[in-house]
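Beneath this line is the structure, given in structure tokens, with notes to follow.
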Amino acid sequence: MKGRVALLGLCAVLLALLPLTGDDVLIQYGIDALLFATLAQAWNIIGGFAGYASFGNSSFYGLGTYGTAIAMAQLHLPFWVGLCLGAFLAVVCAVLIGLPILRLRGHYFAIATLGLSATLSAIIANLDISGRNIGLILPLTRNDTMFYELALVLLVAATGTVAWIARSRFGMGLIAIRENEDAAQVMGVNTTLYKVTALVLSAFFTALAGGIHAYWITFIDPASAFDLTLNVRMVIMAMFGGPGTVLGPVIGSFILTFVYQLLASSISTAAALLFGIVIVLAVIFMPRGLWDLAGGLRRLGPRYFLQNIRAHRL
Amino acid sequence: MKFRLAAVLAVVFIVISHVALAQTKIVTLGASLQLTGNNANLGRYFRDGYQVAVDRINEKGGIAIGGVTYRLALRVLDNQSDLNLGVQQYVQLVTRDKVDFLLGPYSSNDTLNDSSVAEKYRIPMVQGGGAAALIFSRGYKYLFGTAPPAENYFGSTVEMMTKLDPRPRTIALLAADDAFDVSLAKGTRALAAHYGFDIVTDQQYSEHNTDFSATLALVKSKAPDAILWGGHETEALNFIRQAKSLDVNARDMFAITVGVPSADFRKALGKDAEYAFGMSPWLASPLLHDQWFGDGAQFARLFQQRFGYEADYHVASAVSDVETFAYALEAAGTLDKDAVRDAIVKSDFECVYAHVRFGETGQIDLPQIVIQVQDGKIVPIYTDHFLNKPRYPLPPWGKRG
């Protein structure tokens with residue numbers, strides 16, 4: 001266990017040193033990959049551990065984005081105040097919507113959260129302080145290394161939180177909720193409190209990632225801030241890596257981001273199509289993610305894939 | 001044995017081509033365009049426009065920078081209509097591919113994001129894909145635009161309206177809520193006030209709207225003399241079809257910002273596109289002189305021959321983007337980014353697109369030519385005087401042949 005933590009620490013340090021290469025393209029890809037990994041990891045808390053497939057995370061991302069942008073572009077406050085404002089808005093939103101809609105289960109929950117980002121996007125597009133549908137412009141900063149390191153710190157913090165959840169009583173409670181919510185309640189788990197807390201944590205990290213992205217990209221509008229495809233990508237990345245595990249979502253998103261960039265830069269036109277094929281194959285052959293694949297292959301060898309197909313009646 | 005010969009030949013070929021490359025100096029212009037995805041149709045216009053200009057300038061002997069002849073090269077990446085990917089590709093163009101200067105993507109939103117890369121690395125970018133005032137409100141020093149400002153799109157139309165008989169008095173102004181159309185509506189309000197028109201209804205609708213029935217009912221109740229409409233092509237198609245089915249008419253005329261110049265648009269509407277006024281900053285005209293292409297009409301023929309479709313103002317503005325660099329590089333006499341940037345500020349030349357001069361904010365200002373669909377074709381109607389007779393006034397839907 002200690003060995004593994006040391007190895008992860010080493011990885012983080014190596015990643016932190018990446019800007020020393022001075023390769024700006026690599027740093028761009030890095031910022032993107034780290035932010036995506038954070039989003040997947042944040043989704044993992046509510047979707048992977050508690051088993052509630054949230055499509056509301058893109059709303060938290062949008063609130064983080066707009067919190068930062070409004071603070072910086074309209075109120076002329078420093079960046080960190082913006083980040084705090086964005087995170088605050090997202091957390092408040094998570095509590096307010098979590099209390100009523102976390103009563104819904106399964107598909108109903110997913111559908112209820114689906115409407116959220118469209119609603120928020122419409123509200124933002126009609127408020128003067130958020131620049132209506134035109135969007136907001138943030139000041140330009142020539143410091144991509146800072147954005148890279150910030151994104152890395154955020155990912156480490158999110159992963160650290162998930163690692164803690166995985167071994168805490170709180171995490172056990174979430175897993176119990178995922179496996180059988182009624183049984184969990186009977187066993188004395190305060191399901192409402194646990195679920196709302198999981199959603200709040202998820203919203204918190206998602207909003208911070210949105211805030212960093214806003215300042216980095218310098219221009220935001222409702223369509224890009226409340227983009228549902230972003231939420232779909234979070235889900236895909238977390239599922240691909242292994243939902244409900246500590247490192248699965250991070251590894252999954254790194255691999256998928258890398259594959260996407262590789263396809264986009266080398267094959268170009270067919271990238272989106274091939275990306276889709278990768279995901280379809282992944283769902284068929286390893287529906288429980290890379291993390292499960294690693295264990296399964298060691299145990300069963302190639303029969304692991306057959307067993308997956310049989311187990312899910314494909 | 002055969003293989004060895006092939007290998008030797010290959011090596012010889014590589015050496016020769018390298019020597020040849022070393023002899024001609026090259027200036028590379030880079031762009032990340034929407035070659036696939038949602039905006040691929042318009043991304044293609046820009047790629048072809050850039051390419052035809054670069055090739056033509058090279059055919060005519062390239063450009064002389066400080067007494068040395070340079071050829072132009074174009075490096076285009078496909079951003080698949082993905083905003084984030086576009087930004088990354090511009091960084092790649094600047095840092096890894098080491099292109100010398102940047103050309104822009106299509107659309108105001110892409111330009112808003114991508115131009116930040118140019119500003120970050122202090123490399124001049126000339127673009128014709130983004131017209132929104134917001135792009136030029138940021139005080140960027142390395143960004144130049146050859147698309148005319150949105151505020152004045154209806155400028156020539158409103159001026160024309162004062163000279164029509166019967167003269168329209170009341171206007172219904174309908175525009176979407178995106179950056180471009182908000183600027184447009186703001187400018188049009190000022191124009192209407194200036195020329196003494198009465199705006200009887202002033203409606204903003206949300207972008208990507210498909211149902212115009214409520215707006216149309218309102219317009220019908222106000223019975224305006226003229227409808228001025230701003231938005232995107234899909235919305236324009238929906239608006240016109242619904243106006244027909246609900247039988248909503250303006251007494252005199254109907255003008256829209258998009259669609260009329262596009263052949264696809266006229267085809268989609270068929271007869272319902274007749275009488276619609278539109279605008280274009282550019283029409284292929286022999287009066288537009290150009291150092292490399294001769295004139296606008298010759299350019300249009302050359303372009304049609306090579307690419308098999310009609311050039312529109314996007315293509316022409318893309319050509320002017322490349323020519324802006326050609327002129328500025330010759331004037332600066334160096335590849336130094338800041339010297340070239342200063343030379344672009346002083347741009348003052350004629351080309352197939354227009355007379356190119358940049359204003360304070362780095363954006364060109366061009367008058368729009370009022371055009372009208374007549375028998376399925378575009379007819380230029382008005383600049384600051386009438387060019388052709390407009391079909392006027394507009395007959396109501398029920399009385400159209």
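Proteins come first, then strands; the chains are lettered A, B, ... in the order of their sequence lines, and each starts at number 1.
- How far OG1 of B/T111 is from CZ of A/F219: 10.5 Å, rounded to the nearest 0.5 Å.
- You'll find the side chain of A/D32 reaches within 4.5 Å of the side chain of B/Q88, heavy atoms only.
- From A/T218, atom OG1 reaches atom CD of B/E119 across 10.0 Å, with rounding to the nearest 0.5 Å.
- Closest non-hydrogen pair, A/W216 versus B/K120, comes out as O-NZ, 3.8 Å.
- Top candidate by heavy-atom pairs under 4.5 Å with chain A, chosen from B/H208, B/R122, B/R138, is B/R122.
- Other residues, nucleotides and ligands contribute more than 12 heavy atoms inside 6.0 Å of the CE atom of A/M72.
- Per-residue heavy-atom pair counts under 4.5 Å with chain A were compared for B/L83, B/N79, B/V117, B/N109, and the maximum is reached by B/N109.
- For residues 135-155 of chain A, a heavy-atom distance under 4.5 Å to chain B picks out A/I137, A/L140, A/T141, A/R142, A/D144, given by residue number.
- For a heavy-atom cut-off of 4.5 Å, chain B lies close to no residue in residues 74-83 of chain A.
- Counting heavy-atom neighbours within 6.0 Å of B/K337 NZ, excluding the residue itself, gives a total above 12.
- The salt bridge (Lys or Arg N to Asp or Glu O under 4.0 Å) analysis of residues 86-101 of chain B, with sequence neighbours excluded, yields the pairs A/D23-B/R96, B/R75-B/D97.
- The structure places CD1 of A/I217 at 11.0 Å from CG of B/L112, a figure rounded to the nearest 0.5 Å.
- Interface remark: B/D181 contributes no atoms to any contact with chain A (heavy atom separation under 4.5 Å).
- Contact annotation for B/S137: only side-chain heavy atoms (C-beta onward) come within less than 4.5 Å of a heavy atom of chain A.
- Both the backbone and the side chain of B/L134 come within less than 4.5 Å of a heavy atom of chain A.
- Residue B/F180: no heavy atom, backbone or side chain, is found under 4.5 Å from chain A.
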>> Under the criterion side-chain contact (heavy atoms from CB on, under 4.5 Å), I'd like the reasoning laid out for A/N133 against B/E207: C-alpha separation, chi angles, the key distance, then a yes or no.
In response: CA-CA 8 Å; A/N133 192 40; B/E207 208 182 349; 3.0 Å; yes

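- If you take CG on B/N84 and OG on A/S224, they are separated by 8.5 Å, rounding to the nearest 0.5 Å.
- Shown here are the salt bridge (charged side-chain N to carboxylate O under 4.0 Å, His left out) partners of B/D336, two or more places apart in sequence or in another chain: there are none.
- Both the backbone and the side chain of B/V91 come within less than 4.5 Å of a heavy atom in chain A.
- Under the 4.5 Å side-chain criterion, counting only non-hydrogen atoms from C-beta, A/Y29 is in contact with B/Q92.
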